[in-house]
Structures are given as C-alpha cells and as structure tokens.
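Notes follow the structure.
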Amino acid sequence: MQILSNKLTRFTQFCLISLSLTLTVVAQNSLVRFEKSIEAGQLVEVEKDLFSYVIANPKDAKGFALLAKMRLKQNRLNEAKSLASKSLTLDAKSVSAKFTLAETYYQLGEIEQSRVVLGGILENEISDDSIRLNIAELYSQTEDCPKALVLSEKLSVKIRNSEALPFRATCYLEVGDKKNFASLIPLAKLLAKQNPTTIVRFAEVLSKAAMHKEATDLLQLVIVSAPKNMDALLLLAKSEIYLKDFANAKIHLAQAEKIQPNSGELLFVKSFLESEQGNTAQSLELIEKSLTENPNNTKFLTQFVISAMRANQAAKAVRAAQSLLNLQPENPEYQYLFGAASLQNNNLQNAENSLVKFLEARPNDSRGCVALGLTYAAQPEKLVEARIQMQKCLVINPNNYEASYQLGLSYKTQGETPKAIEFLEQTVKLAPNNASALRDLGAVYLQSGAETQARVVLEKAVALDPNDADTHFQLSRLYNLTGERELAKKHLEIFQKLKNPKKDGM
C-alpha cells in the first residue's frame with residue numbers, strides 16, 4: 001500500500017510539473033504573440049487579450065512591460081510610465097521595461113530622467129543588436145551623442161551602415177565630426193533603393209540640418225525606385241519648400257494626394273507651403289483640418305501655434321500651445337511656444353512664467369532670451385529687468401541683432417539718445433538691411449541734430465520698405481529741417497495715405 005501511495009505521489013508531482021511547464025510554454029507563446037502584434041502596430045487586435053493576461057498573471061514582469069509598450073505606442077504616456085515602473089518592481093533587470101520607461105520620459109519631455117533610466121541599462125544586459133540599436137538611438141534623441149556613438153560601434157557592420165545611419169548622422173553633426181558625417185552620405189545613396197524607410201529618416205536629418213539640397217537629391221533617388229512612398233514624397237516637397245522651389249513641391253504634393261488624399265501629414269505639408277508663400281489664413285485652415293483627426297499630434301499642434309502667430313491669431317496659438325503643455329508639461333520647446341504665444345496675446349504673466357522655466361532648461365537659447373526680454377519690456381515697471389535680460393542675450397550671442405535692437409528702442413523710448421544711438425548703430429551693423437532699425441536710428445539721429453547721418457539711413461530704410469508709414473514721417477521731418485519743402489510735403493502725403501488707406505480710397 002505504501003509503495004502504491006509513493007508511486008501516486010510521484011505521479012501527481014510529475015503531472016503538476018508537466019502542467020506547470022505546459023502553462024509556462026503557453027504563457028511564453030502568448031507573450032511572443034503579443035510582442036509581435038505590438039511591433040506590427042496591431043494594437044486594437046491584441047489589447048483585450050494582453051490586458052486579460054496581465055490581470056491573470058499579476059507577477060509576470062514581461063506582461064506589464066508589453067502593456068507599457070502598447071500604451072506608449074497609443075500615446076497614453078502616464079499609463080505607460082506606471083506600467084513600466086510596475087514591471088521593474090517585479091524584475092529590476094528588465095531591459096524592455098527600462099527602455100520603455102526611458103522612452104516614455106523622453107516623450108513626456110523629461111529628458112534628464114530619460115537619460116538616468118537609460119544609464120541603468122548595462123552592456124551585459126543587452127541581448128542583441130536590435131535592442132542595442134534602439135537604445136543608441138534614444139541616447140541620440142536625449143542629446144547624449146557620445147554614448148550613442150559608443151554603442152553604435154558595437155553594432156554589426158551591416159546594421160551600423162544601414163538602420164543606424166540616421167542617428168549616427170544626427171550625432172556626428174551634434175559633436176561637429178564633419179568627416180564622419182560626410183562619409184555617411186554615399187552610404188545613404190547606395191541604400192536608397194533597398195532600404196527607403198531608413199533613407200527617408202536620414203534625409204530628415206539632413207533637412208533638420210538645413211541641408212535641403214542634399215536631402216532633395218537623396219529623396220529623388222528614393223522615389224525613382226519607390227514612387228508611391230508617401231513619406232518620401234512629403235519630405236521631398238517640404239525640402240523643396242525650404243528651397244523656395246514651390247512648383248516642384250506642388251507636383252510632389254499632388255502625387256502624394258493621389259496615394260492618401262485625407263492624410264494629416266499631407267495637410268501638414270500643404271499648410272507649411274501656404275505659410276512659406278505668405279498665405280497665413282490658408283495655412284491655418286489646413287493645419288486645423290489636420291488636427292481634426294489628430295488632435296494630440298504634437299507636430300501638427302506645433303505648426304498650428306506657429307501658423308496662428310503668423311496670422312495674428314494669438315488666442316488660438318495660446319490654446320494650441322496649452323494643449324502641447326498638457327501632453328508634455330516638461331518639454332522646453334512647448335514651454336517656449338506657450339510663452340511666445342502668451343506674449344503675443346498680452347498674457348504677460350503667463351509668458352514670463354513659461355519663458356523663465358524654458359530658460360532654466362535651456363539657458364543659452366537666444367529665442368527664449370529675447371522673448372523674455374520683450375515680456376519684461378512690455379511691463380513698464382520692469383524696464384530694468386528688460387535691459388538686463390537683453391544684455392544677457394548679447395553675452396550669449398554678440399551677433400543677436402534683435403537684442404541690440406530692443407535695447408536701442410528701450411533707450412530711445414526713455415529719451416536716452418546716446419545709448420539709443422549706440423545700440424541701434426550696433427543693430428544696423430549686424431543687420432544692415434533691417435528697415436525698422438534703420439528707420440529708428442534715423443529718428444534718433446534727427447533727435448540729436450545729426451541730419452546728414454539721418455538722411456543716409458532713412459533713405460535706405462524707405463528703399464527697403466516703401467510701405468512703412470513711419471519712415472515717410474521721419475523723412476518728412478528731415479526734409480523740413482533741411483529746407484526741402486517739396487520732398488517734405490511728398491513724404492507727408494505718403495505717410496497720410498499709408499496711415500489712412502480707406503479714407504484715401506474714398
């Protein structure tokens with residue numbers, strides 16, 4: 001009897017072990033299936049089953065890591081962060097969870113936190129080149145190019161000279177390695193036919209570096225072999241817009257429209273085309289359409305803010321910039337856009353708060369520096385702060401003519417003529433064709449009794465911008481002072497017409 005009991009016990013244990021192994025294999029197969037579906041973008045198809053799996057297996061770190069990855073792809077960033085963190089409490093060495101958490105922090109605009117998490121991934125934890133490639137690329141996106149380039153050297157030659165080309169190009173530009181950067185362009189041309197997706201991304205790097213001619217040449221190679229590549233057509237059109245080749249841009253946009261007529265990206269590039277041609281109202285209308293189907297697309301929202309500001313629709317720009325901040329509250333670029341839009345909308349306290357925060361993250365950014373100076377200048381009680389701020393901008397970049405111009409205006413407004421002349425002359429030296437600076441310098445010269453110097457700059461200003469009413473007014477003053485009555489009368493009449501065009505038309 002005892003022998004039989006022992007045999008039954010061993011058999012039961014064997015069955016339990018077999019069942020456990022079977023369940024483990026089933027679980028592993030499910031996780032592999034989930035991961036493949038997520039990589040393929042089949043998020044809706046897999047979501048219910050994956051969520052059920054995580055509920056049924058609350059101690060499976062891999063399940064939480066995959067759910068975090070899916071939420072990241074769905075742009076549900078706070079959920080992704082929470083789920084990746086949960087996965088790491090179950091398995092502190094999970095590279096998948098660490099990478100997803102780092103990428104989530106990056107998408108939230110928390111760059112430093114992203115770097116910290118990436119730094120926690122050890123080389124001996126990286127199992128293959130596909131993971132190493134993703135980590136290296138994220139290092140480049142978080143502006144840690146030295147680490148990205150070190151990792152890239154550990155990739156296989158094949159991957160290093162194909163999929164890794166875009167981020168390597170970004171990093172060589174970042175660290176100023178022109179020689180290695182130049183060596184990538186011939187490789188990209190060779191890959192244009194066999195790997196168009198990677199080469200489009202490489203061309204995007206060229207475009208961001210303002211190498212629009214090089215980007216155009218490369219993208220034309222791509223569309224020869226892949227004429228229906230939507231991404232290539234749109235980026236080619238965008239590069240041509242930068243080159244002011246509007247005719248060819250329209251041709252490529254028309255080709256893209258035949259492929260995906262309702263594409264948000266298509267509307268985005270069309271909006272950019274209208275904006276660059278000075279059609280601000282049409283640009284704003286197109287980008288609004290693209291946002292209808294993609295309300296949380298940060299690229300579209302960014303373009304909307306810029307287009308709305310150009311169209312003097314400051315309230316709309318503020319709302320769009322606020323949406324960007326709601327999505328990524330720590331993103332410095334969105335803090336700048338909100339500050340700039342708030343300044344244009346005369347929401348000075350909001351502008352000041354946002355721009356101060358922006359400059360804490362990017363203290364040497366000239367745009368933010370000047371924008372904060374303008375915000376202070378718009379508040380009479382903060383004139384001193386405005387001047388200090390603009391002086392900081394000139395320390396950051398001595399060639400910042402906008403900062404010297406604003407300083408000149410500040411002193412001009414307060415009647416401090418010598419200082420006004422100093423900074424306005426500096427502005428004109430840096431930007432000799434700035435009609436507004438020439439006009440204001442001429443006005444200060446007149447104020448100081450220097451009619452000869454005033455004549456030179458005012459006549460140049462009116463040649464550059466004949467429709468500026470104030471320049472004609474200053475010329476009328478000048479010619480009255482020099483006894484040239486007919487010229488004075490002529491420019492006064494032009495001034496009055498420009499100031500009152502409706503009255504003149506009647």
Between the side chain of [X] and the main-chain N/O of [Y], is any donor-acceptor distance below 3.5 Å?
| X | Y | answer |
| --- | --- | --- |
| Q344 | M309 | yes |
| S342 | F338 | yes |
| N57 | D60 | no |
| S283 | S271 | yes |
| N279 | S275 | no |
| Q335 | P329 | yes |

> Can a donor-acceptor pair be found between the side chains of S114 and T142 at a distance below 3.5 Å?
Replying inline: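 Distance-only check fails for S114 and T142.
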
> How about Q322 and R319: does a side-chain donor come under 3.5 Å of a side-chain acceptor?
Replying inline: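 There is no such pair (donor and acceptor under 3.5 Å, judged by atom type) between the side chains of Q322 and R319.
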
Testing the basics here: between [X] and [Y], what is the closest heavy-atom pair and its distance to 0.1 Å?
| X | Y | result |
| --- | --- | --- |
| S162 | L191 | CA-CD1, 3.6 Å |
| A340 | L355 | N-CD2, 4.4 Å |
| N399 | L430 | OD1-CD2, 3.4 Å |
| N400 | C393 | ND2-CB, 4.1 Å |

>> Between Q389 and E385, does the side-chain hydrogen bond (donor to acceptor under 3.5 Å, both in side chains) criterion hold? Intermediate values first, please.
In response: CA-CA 6 Å; Q389 185 62 32; E385 288 94 330; over 6 Å; no

For [X], all residues meeting side-chain hydrogen bond (donor to acceptor under 3.5 Å, both in side chains), sequence neighbours excluded:
| X | result |
| --- | --- |
| R115 | E112 |
| E204 | none |
| Q379 | E352 |
| S130 | D128 |

> Can you check salt bridge (Lys or Arg N to Asp or Glu O under 4.0 Å) on E330 and K357, steps first, answer last?
Replying inline: CA-CA 9 Å; E330 299 303 318; K357 195 171 182 181; 3.7 Å; yes

> If we only count heavy atoms from C-beta on, is the L66 to I38 side-chain gap below 4.5 Å?
Replying inline: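 Yes. Closest side-chain heavy atoms under 4.5 Å.
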
>> By the disulfide bond (SG atoms under 2.5 Å apart) test, which pairs, at least two apart or in different chains, include something from residues 145-232?
In response: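 Counting only pairs at least two positions apart or across chains, the disulfide bond (SG atoms under 2.5 Å apart) contacts touching residues 145-232 are C145-C171.
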
> Pairs in or reaching into residues 190-267: which pass disulfide bond (SG atoms under 2.5 Å apart), with residues at least two apart or in two chains?
Replying inline: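 Every candidate disulfide bond (SG atoms under 2.5 Å apart) pair involving residues 190-267 fails, so no pair, neighbours aside, qualifies.
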
> Between Y106 and Y139, is the ring centre distance below 6.0 Å?
Replying inline: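 So the answer is no for these two rings.
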
> side-chain contact (heavy atoms from CB on, under 4.5 Å) with A209: which residues, sequence neighbours excluded?
Replying inline: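 Checked A209 against side-chain contact (heavy atoms from CB on, under 4.5 Å); matches are L173, M211.
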
>> ring pair (Phe, Tyr, Trp, His ring centres under 6.0 Å), that's the test. Do F64 and Y53 meet it? Break it down for me.
In response: CA-CA 9 Å; F64 279 99; Y53 178 90; 9.5 Å; no

> Any ion pair linking D365 and R367 (charged N to carboxylate O, less than 4.0 Å)?
Replying inline: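 So R367 pairs with D365 through a salt bridge.
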
> Less than 4.0 Å between a side-chain N and a carboxylate O, is that true for E257 and K270?
Replying inline: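 Yes, charged N to carboxylate O under 4.0 Å.
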
> salt bridge (charged side-chain N to carboxylate O under 4.0 Å, His left out): which pairs involve residues 158-183, sequence neighbours left out?
Replying inline: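 The answer is none; no pair qualifies.
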
> How would you list all residue pairs meeting side chain to side chain donor-acceptor pair (under 3.5 Å) that involve residues 92-101, not counting sequence neighbours?
Replying inline: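 For residues 92-101: K98-E125.
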
Salt bridge (Lys or Arg N to Asp or Glu O under 4.0 Å) partners of [X], counting only residues at least two apart:
| X | result |
| --- | --- |
| D231 | none |
| R132 | E123, D129 |
| R76 | E47, E79 |

>> Below 30° counts as parallel, above 60° as perpendicular, anything between as tilted: where do the rings of F181 and F202 land?
In response: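 Rings of F181 and F202: parallel, under 30°.
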
